[in-house]
**Student:** 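Supplied in structure tokens, the structure appears directly below.
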Amino acid sequence: MPESAACRVCGGVVVAFMDFGKQPISDCFLPPESTAPEHFYRLVVGACESCTMVQLLHEVPRERMFHDHYPYHSSGSARMREHFRGVAEHFIGTELAGDDAFIVELGCNDGVMLATVAEAGIRHLGVEPSGSVADVTAARGIRVRKDFFEEETARAILAEDGRAAVIYAANTLCHIPYLDSVLRGVRELLAPDGVFVFEDPYFADIVRQTSFDQMYDEHFYYFTARSVAELARRHDLDLVGVERLPVHGGEVRYTLARAGARERAAAVAELLAEEAAAELTARHTLDGFRDRVLKARDDLTALLRDLRSQGKDVVGYGATAKSATVLNYCGIGPELIAYVTDTTPAKQGRLTPGSHIPVVPHQSFADDGPHYAVLFAWNHAEEIMAKEQAFRDAGGRWIRYVPGVRVD
Ligand code: SAM
Ligand code: TMP
Ligand code: ZN
């Protein structure tokens, strides 16, 4: 019997389809001298038999993940900076064009999106619990509340600032297990004709590409149009828009409005039909996904062992949260990957969680010129390939594992 749990959205039965075993906190990079024991949890993913929501079976307490040392800075990618400038400009030209419009962003991180909104002189507020990035946002002159968004937070914002024309969240809603409280808050805070827009990794893309590394502690939910429509309905909201996005390995931007307030775009029915045809949460689909993950693990470890036995230098590129799942699930440590290079100062000089591989600055990688680099930041491949021509020219090869293991 596979493991099961109660669905966090509808109370139905969530049946596990993927068990990654014991995993560390994905963004908890360790000082090399640390002797404190690491925190581990069980990473098990399942799908609800009633509402189809794909979710984790074990929740990690939020304070363990989002705190004053949270190392992820959204502005680390040039392409994502462009993406979020586009998002802000779109809102400024549409939903925020009215008088005194107000936008709230959940998980604003280092202010990558709100910076453009603030520059335009539009009323805004970021809600960001991680002090490490909330402080960066505040220092940029952007209004930020250092807090977790939930119903209580929404009430406090409503009392202080009034209703919001737009509530926006990128790569944040899927991080929040307690969606009931969040959606009650959204409903209270949203203007009668306002929109709640959020973008997150799309489960259909995860299945299609076998991007199993999207599964880790922070990603509690893996949305589809079907599961989001059901979630919205339970809160008297409507899913009125969907848009597929090419960022972070494939996402969907969902637009919710108060029930009856806006017309449903045709794209919603189209995506729902596509999902139904793909039988995304059918047993055979989920079993097939698990079989491909097992193969990716075997192929990757076999390749790395083979290269090491030939005396090749293999390193990692991008100390992503995603890489925690790959390294710990595959049992890869410093004996197979000498170091991981990453541009984030807060990760450098530390060890990857669980697998204890040193994280080094980009310059060390450039000076070292290894034979092979495992591309853990594969979602930023285009940007990285463009700037790593020297690595290729010197004979360096990329190792990928999404959608399957290959050497480029
Ligand atoms: N929006 C940025 C982006 O797309 O790059 C940041 C995404 S980051 C992966 C997720 C962010 O959500 C973190 O900065 C985290 O601190 C924040 N977060 C986690 N739980 C939250 C909550 N309940 N309310 C608001 N923000 C939250
Ligand atoms: P993400 O996939 O969650 O956005 O994380 C990307 C990580 O990769 C982040 O730690 C920054 C790092 N990175 C580099 O080291 N070099 C790069 O060129 C890019 C785009 C990201
Ligand atoms: Zn459910």
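Order of appearance sets the numbers: ligands from 1, and atoms from 1 within every ligand.
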**Student:** Hey, which of Glu251, Glu274, Glu275, Glu199 is the one that makes salt bridge (charged side-chain N to carboxylate O under 4.0 Å, His left out) with Arg244?
**Tutor:** Glu274
**Student:** What atoms of ligand 2 come closer than 4.0 angstrom to any heavy atom of Lys322?
**Tutor:** 1 (P), 2 (O), 3 (O)
**Student:** What atoms of ligand 2 come within less than 4.0 Å of a heavy atom belonging to Thr320?
**Tutor:** 2 (O), 5 (O), 6 (C), 7 (C)
**Student:** So is there a nitrogen or oxygen of Cys108 less than 3.5 Å from a nitrogen or oxygen in ligand 1?
**Tutor:** no
**Student:** Is a donor on one side and an acceptor on the other found under 3.5 Å between the side chain of Asp147 and the backbone of Phe149?
**Tutor:** no
**Student:** Quick one: does Glu128 get an N or O within less than 3.5 Å of an N or O on ligand 1?
**Tutor:** yes
**Student:** Should you measure from each heavy atom of Gly107, which atoms of ligand 1 turn up under 4.0 Å away?
**Tutor:** 1 (N), 2 (C), 6 (C), 12 (O), 17 (C), 25 (C), 26 (N)
**Student:** How about Gln348 and His362: does a side-chain donor come under 3.5 Å of a side-chain acceptor?
**Tutor:** no
**Student:** Run the contact test for Met80 against ligand 2 with a 4.0 Å cut-off on heavy atoms, strictly below, and give the result.
**Tutor:** no
**Student:** Roughly how far apart are His380 NE2 and Ser77 OG, rounded to 0.5 Å?
**Tutor:** 5.0 Å
**Student:** The test is side chain to side chain donor-acceptor pair (under 3.5 Å); show your working for Tyr401 and Asp213 and say whether it passes.
**Tutor:** CA-CA 10 Å; Tyr401 52 87; Asp213 58 345; 2.9 Å; yes
**Student:** My understanding is that we take every heavy atom of each candidate and find the minimum distance to atom 24 (N) of ligand 1. Doing that for Phe198, Tyr168, Phe149, Phe84, which one comes out nearest?
**Tutor:** Phe149
**Student:** Quick check on contacts: which atoms of ligand 1 are under 4.0 angstrom from a heavy atom of Val127?
**Tutor:** 25 (C), 26 (N)
**Student:** Do any nitrogen or oxygen atoms of Ser77 lie less than 3.5 angstrom from nitrogen or oxygen atoms of ligand 2?
**Tutor:** no
**Student:** Where is the nearest protein heavy atom to atom 27 (C) of ligand 1: which residue, which atom, and how far?
**Tutor:** Pro129 CD, 3.4 Å
**Student:** Counting non-hydrogen protein atoms only, what is the nearest one to atom 11 (C) of ligand 1? Give residue, atom name and distance.
**Tutor:** Thr172 OG1, 3.7 Å
**Student:** Check for a donor-acceptor pair, side chain of Thr137 on one end and backbone N or O of Val133 on the other, with a separation under 3.5 Å.
**Tutor:** yes
**Student:** Nearest protein heavy-atom contact for atom 23 (N) of ligand 1: which residue, which atom, what distance?
**Tutor:** Tyr178 OH, 2.9 Å
**Student:** Under 4.0 Å from a heavy atom of His248: which atoms of ligand 2 are those, numbered in the order shown and with their elements?
**Tutor:** 4 (O)
**Student:** Quick check: does His175 get an N/O under 3.5 Å from an N/O on ligand 1?
**Tutor:** no
**Student:** Establish, yes or no, whether the cationic atom of Arg290 lies under 6.0 Å from the six-membered ring centre of Phe17 and within 45° of the ring axis.
**Tutor:** no
**Student:** With heavy atoms of His380 as the reference, note each atom of ligand 2 found under 4.0 Å away.
**Tutor:** 1 (P), 2 (O), 4 (O), 6 (C), 20 (C)
**Student:** List ligand 1 atoms under 4.0 Å from Ala170, heavy atoms only on the residue side.
**Tutor:** 1 (N), 2 (C), 3 (C), 4 (O), 7 (C)
**Student:** Can you tell me which residue among Arg8, Glu150, Arg62 is in a side-chain hydrogen bond (donor to acceptor under 3.5 Å, both in side chains) with Tyr178?
**Tutor:** Arg62
**Student:** Of all the heavy atoms in Tyr72, does at least one lie under 4.0 Å from an atom in ligand 2?
**Tutor:** yes
**Student:** Hey, is Arg226 close enough to Glu230 for a salt bridge, meaning N to O under 4.0 Å?
**Tutor:** no
**Student:** For atom 14 (C) of ligand 2, which of the options Asp213, Val340, Thr343 provides the nearest non-hydrogen atom?
**Tutor:** Thr343
**Student:** What protein heavy atom sits nearest atom 3 (C) of ligand 1, and how far away is it?
**Tutor:** Ser74 OG, 3.4 Å
**Student:** Kindly identify the option in Asn379, Asp342, Leu375 whose heavy atom sits closest to atom 11 (C) of ligand 2.
**Tutor:** Asp342
**Student:** What protein heavy atom lies closest to atom 18 (O) of ligand 2? Include the residue and the distance to one decimal.
**Tutor:** Lys387 NZ, 2.5 Å
**Student:** Is a salt bridge present between Arg208 and Asp205, judged by a nitrogen-to-oxygen distance below 4.0 Å?
**Tutor:** yes
**Student:** Any nitrogen or oxygen of Asn109, main chain or side chain, under 3.5 Å from a nitrogen or oxygen of ligand 1?
**Tutor:** yes
**Student:** Does any N/O atom on Lys347 come nearer than 3.5 Å to any N/O atom on ligand 2?
**Tutor:** yes
**Student:** Yes or no on side chain to side chain contact (heavy atoms under 4.5 Å, CB included) for Val326 and Phe376, after CA distance, side-chain angles and deciding distance?
**Tutor:** CA-CA 9 Å; Val326 181; Phe376 290 121; 4.1 Å; yes
**Student:** Select one of side chain, backbone, both or neither to describe which atoms of Phe66 lie under 4.0 Å from any atom of ligand 1, heavy atoms only.
**Tutor:** side chain
**Student:** Let me see the working for Arg253 and Val197 under side chain to side chain contact (heavy atoms under 4.5 Å, CB included), right down to the final yes or no.
**Tutor:** CA-CA 7 Å; Arg253 177 180 295 148; Val197 179; 3.6 Å; yes
**Student:** For the aromatic rings, using the six-membered ring if either is Trp, is the centroid distance between Trp398 and Tyr372 under 6.0 Å?
**Tutor:** no
**Student:** Look at atom 4 (O) of ligand 1 and say which protein heavy atom is nearest, naming residue and atom and giving the distance to 0.1 Å.
**Tutor:** Asn171 ND2, 2.8 Å
**Student:** Only to 10 degrees, please: what angle do the SG atom of Cys7 and the SG atom of Cys48 make about the Zn ion (ligand 3)?
**Tutor:** 110°
**Student:** So if I count the atoms of ligand 2 from 1 in the order they appear, which ones are less than 4.0 Å from some heavy atom of Gly318?
**Tutor:** 8 (O)
**Student:** Please determine if Asp193 and Arg258 form a salt bridge, counting it only when a charged side-chain N lies under 4.0 Å from a carboxylate O.
**Tutor:** no
**Student:** Judged by atom type as modelled, is there a donor-acceptor pair below 3.5 Å linking the side chain of Thr301 to the main-chain atoms of Arg297?
**Tutor:** yes
**Student:** Which atoms from ligand 2 have a heavy atom of Thr344 less than 4.0 Å away?
**Tutor:** 9 (C), 10 (O), 11 (C)
**Student:** Do the side-chain N and O atoms of Glu3 and His58 include a donor-acceptor pair separated by under 3.5 angstrom?
**Tutor:** yes
